[in-house]
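Just below is one structure, and these are the notes that go with it.
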Amino acid sequence: MNGSITNLLISGFAILGTFAGIYFGNKGLPRKPILFLAGIGMVSSFTFTLIFANSLPILSYIFVSISGFCMFLQYPIFLNLPHELKGMTPKKLTIMFGLFWAIAYAGQTIANIIWSFILGSVGYVPSLVFFIAVSCIYISLIPTFPETREAQTGNVQKAS
């Protein structure tokens with residue numbers, strides 16, 4: 001697979017995913033099912049990208065496009081979620097975003113260090129298994145997120 005084409009596909013479909021996320025976010029649908037399905041789509045399509053990278057690169061390009069779409073479909077929801085929480089103030093919002101990014105990047109850095117160690121000492125396939133397993137942690141955490149949009153008889157109201 002060509003890295004430049006992969007980056008182009010992820011970026012291009014990320015833009016489409018962002019627009020889709022804005023659309024779904026404005027529909028008043030509950031957030032957690034969208035995040036859960038998009039998370040499964042993101043991780044599973046990237047897994048298939050890795051599985052078919054050496055044998056069927058065209059199929060891998062399709063899966064990496066789907067992964068980019070699903071990844072960025074979630075961003076508008078995540079950026080609006082804290083604003084929708086009850087009792088949110090600008091100070092709390094600043095702290096929440098700061099902690100979110102700090103924890104996410106620290107986790108990513110630690111995971112990359114471990115992944116590199118596994119790659120260098122055990123090999124390619126075990127390192128990819130680790131990479132996918134760590135990615136699945138995100139999917140398992142989605143149920144812990146607050147639901148700010150409860151659909152009630154066709155009307156959408158903020159959860160209390």
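Note that the structure is predicted; figures quoted are calculated from it, not measured.
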Query raised in the report: Would Phe48 and Phe63 count as a ring-ring contact (aromatic ring centres under 6.0 Å, His included) if you check the C-alpha gap in whole Å, the side-chain angles of each, and the deciding distance to 0.1 Å?
Result: CA-CA 6 Å; Phe48 288 123; Phe63 280 122; 5.1 Å; yes
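- The side chain to side chain contact (heavy atoms under 4.5 Å, CB included) test applied to Leu85 returns Met88, Met96, Pro146, Thr148, not counting sequence neighbours.
- Note that the OH atom of Tyr138 and the CE atom of Met71 stand 10.5 Å from one another [nearest 0.5 Å].
- Minimum heavy-atom separation, Ile139 to Gly39: CD1-O, 3.6 Å.
- Here Tyr75 and Phe72 bring their ring centres to under 6.0 angstrom of each other.
- When side chains are defined from C-beta on, Thr89 does not count as touching Leu93, because their heavy atoms never get closer than 4.5 Å.
- Remark: Thr6 pairs with Met1, Ile10, Tyr61, Val64 by the side chain to side chain contact (heavy atoms under 4.5 Å, CB included) rule, at least two apart or across chains.
- Enclosure of atom CZ in Phe130 by more than 12 non-hydrogen atoms of other residues, nucleotides or ligands within 6.0 angstrom is indicated.
- Considering CD1 of Ile22 and CG of Asn80, their distance stands at 8.5 Å, rounded to 0.5 Å.
- Interatomic distance, CD1 of Ile62 versus OG of Ser45, reported as 11.5 Å (0.5 Å rounding).
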Report task. For the pair Phe131 and Phe46, evaluate ring-ring contact (aromatic ring centres under 6.0 Å, His included) and give the outcome as yes or no after the intermediate values. Result -> CA-CA 10 Å; Phe131 182 83; Phe46 194 75; 5.8 Å; yes
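- Within the structure, salt bridge (Lys or Arg N to Asp or Glu O under 4.0 Å) contacts touching residues 31-52 (residues at least two apart or in different chains) are Arg31-Glu84.
- A 4.5 Å side-chain heavy-atom check between Thr18 and Leu73 finds every atom pair outside the cut-off.
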